[in-house]
Student: 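The structure under discussion is supplied below as structure tokens; questions concerning it will follow.
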Amino acid sequence: MSREIITRRHLPHWYVPGAAHFVTYRLAGTVPKSVLQEIRERNERLLQQSPPAGASLGQFRQRIQKQYFAEYDRYLDRPSAIDWLMKPELAALIRGNLYHHADKKYHLLAYCIMPNHVHLLLQPLVGQAASLAFAQTANEAACPKGELTDGDSPLAEIMHSLKSFTAHRANKILGRTGPFWQHESYDHWVRDEGELERIVNYIIGNPVRAGLVKRPHDWLFGSALDRFLHDGSCCGMLDFLT
């Protein structure tokens, strides 16, 4: 596995050259600051504890990170007044933009466009030398993860490409002004093939968990349907796009 890289603006943002990255980005204003702060503070209190017997510090932090994200994502799955991505025109815009950059800036492994957020699994197509030019190396255990301010890494550049164009077009469609996407996003680099498979299943299963559909491929804007239309399989995108 390539070395981990950390970039900083206000908060740390993780990027690992050569790895797949799981990113969740959401519409602006979908999680109140008080709720996000409560989740973060609970996360910080857990991080102050010592790892249980037999667990390394890195494993302990990773477990807490997953707990943080699960709580965060459950909140996003609740009915929300800000659900602009339920509009087929907007969801199609996001989907088209994901595919526009696929195989140019990243390998698109899985995605799901939910009413107020997007789950994305991708592998950036950036060389090691170019990646190292963006950031300083750091140890994973040095800082917890969560919803983070986008930095200047290759992953952050990809997210800027995905957010900037779609925000402008979406606001025009909605006849509104102001922020469309929340600036911060949640990201996690994938450690191994087992975790990769679990994340794909998590992404395509989100509409089912949220009670929106019965089967993953019944959701119109996700990689499960793309795969189903391609070959009749209800699995993720890994074989389809590689």
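Positions are given from 1 along the sequence. These figures come from a predicted structure and were not determined experimentally.
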Student: Does the pair Y99 and D226 meet the rule for a side-chain hydrogen bond (donor to acceptor under 3.5 Å, both in side chains), with working shown?
Tutor: CA-CA 11 Å; Y99 274 105; D226 294 344; 2.6 Å; yes

Student: Cut-off 3.5 Å, no hydrogens considered: what does the side-chain donor-acceptor table look like for residues 205-216, sequence neighbours left out?
Tutor:
{"unit_1": "N206", "atom_1": "OD1", "unit_2": "H117", "atom_2": "NE2", "d": "3.3"}
{"unit_1": "N206", "atom_1": "OD1", "unit_2": "H119", "atom_2": "NE2", "d": "2.7"}
{"unit_1": "N206", "atom_1": "ND2", "unit_2": "D77", "atom_2": "OD1", "d": "3.2"}
{"unit_1": "N206", "atom_1": "ND2", "unit_2": "D77", "atom_2": "OD2", "d": "2.9"}
{"unit_1": "R209", "atom_1": "NH1", "unit_2": "Y202", "atom_2": "O", "d": "3.0"}
{"unit_1": "R209", "atom_1": "NH2", "unit_2": "Y202", "atom_2": "O", "d": "3.1"}
{"unit_1": "R215", "atom_1": "NE", "unit_2": "D218", "atom_2": "OD1", "d": "3.4"}
{"unit_1": "R215", "atom_1": "NE", "unit_2": "D218", "atom_2": "OD2", "d": "3.0"}
{"unit_1": "R215", "atom_1": "NH2", "unit_2": "D218", "atom_2": "OD1", "d": "2.9"}

Student: Assess whether side-chain contact (heavy atoms from CB on, under 4.5 Å) is satisfied between I204 and S223, documenting all intermediate values.
Tutor: CA-CA 7 Å; I204 67 175; S223 53; 3.6 Å; yes

Student: What verdict does the side-chain hydrogen bond (donor to acceptor under 3.5 Å, both in side chains) test give for R26 and Y186, after you've listed the backbone C-alpha separation in whole Å, the side-chain angles of each residue and the deciding distance to 0.1 Å?
Tutor: CA-CA 9 Å; R26 61 182 173 90; Y186 169 93; over 6 Å; no

Student: What pairs with W181 under side chain to side chain donor-acceptor pair (under 3.5 Å), at least two apart in sequence or on another chain?
Tutor: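 Partners of W181 by the side chain to side chain donor-acceptor pair (under 3.5 Å) criterion, ordered by chain and then number, come out as T166.
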
Student: According to side chain to side chain donor-acceptor pair (under 3.5 Å), who are the partners of R169, at least two apart in sequence or on a separate chain?
Tutor: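 Per chain and number, R169 pairs via side chain to side chain donor-acceptor pair (under 3.5 Å) with no residue.
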
Student: Mind checking side chain to side chain donor-acceptor pair (under 3.5 Å) for Q67 and listing every partner two or more places apart, or none if nothing turns up?
Tutor: none

Student: Can you sort out the partners of E89 under salt bridge (Lys or Arg N to Asp or Glu O under 4.0 Å), two or more places apart, ordered by chain and number?
Tutor: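 E89 satisfies salt bridge (Lys or Arg N to Asp or Glu O under 4.0 Å) with no other residue.
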
Student: Considering residues at least two apart in sequence or located in another chain, which fulfil the side chain to side chain donor-acceptor pair (under 3.5 Å) criterion with N171?
Tutor: R176

Student: Do L122 and L155 have side chains that approach each other closer than 4.5 Å (heavy atoms only, starting at C-beta)?
Tutor: yes

Student: Decide if atom NZ of K87 counts as having more than 12 heavy atoms of other residues, nucleotides or ligands within a radius under 6.0 Å.
Tutor: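 At most 12 heavy atoms, drawn from other residues, nucleotides or ligands, come within 6.0 Å of this atom.
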
Student: Go through the structure and list residues passing side chain to side chain contact (heavy atoms under 4.5 Å, CB included) with E193, not counting sequence neighbours.
Tutor: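 Residues passing side chain to side chain contact (heavy atoms under 4.5 Å, CB included) with E193: none at all.
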
Student: Answer whether the closest heavy-atom distance between the side chains of F221 and I94 falls below 4.5 Å.
Tutor: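 Not in contact.
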
Student: If the condition is side chain to side chain contact (heavy atoms under 4.5 Å, CB included), which residues does S164 pass it with, not counting sequence neighbours?
Tutor: H160

Student: Short question: side chain of Y72, backbone of R40 - any donor-acceptor pair under 3.5 Å?
Tutor: no

Student: Decide yes or no for K33 and Q37: does some side-chain heavy atom of the first lie under 4.5 Å from some side-chain heavy atom of the second?
Tutor: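 When only atoms from C-beta onward are counted, Q37 and K33 do not touch, as no gap falls below 4.5 Å.
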
Student: Decide ring pair (Phe, Tyr, Trp, His ring centres under 6.0 Å) for W84 and F180; before the verdict, give the C-alpha distance in whole Å, the side-chain angles of both, and the deciding distance to 0.1 Å.
Tutor: CA-CA 10 Å; W84 304 323; F180 182 78; 5.4 Å; yes

Student: Test of understanding: with side chain to side chain contact (heavy atoms under 4.5 Å, CB included), list the residues that count as partners of Q48, not counting sequence neighbours.
Tutor: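 With sequence neighbours excluded, Q48 shows a side chain to side chain contact (heavy atoms under 4.5 Å, CB included) to E44, given in chain and number order.
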
Student: Applying side chain to side chain contact (heavy atoms under 4.5 Å, CB included), can you list everything that pairs with Q123, at least two apart in sequence or on another chain?
Tutor: H107

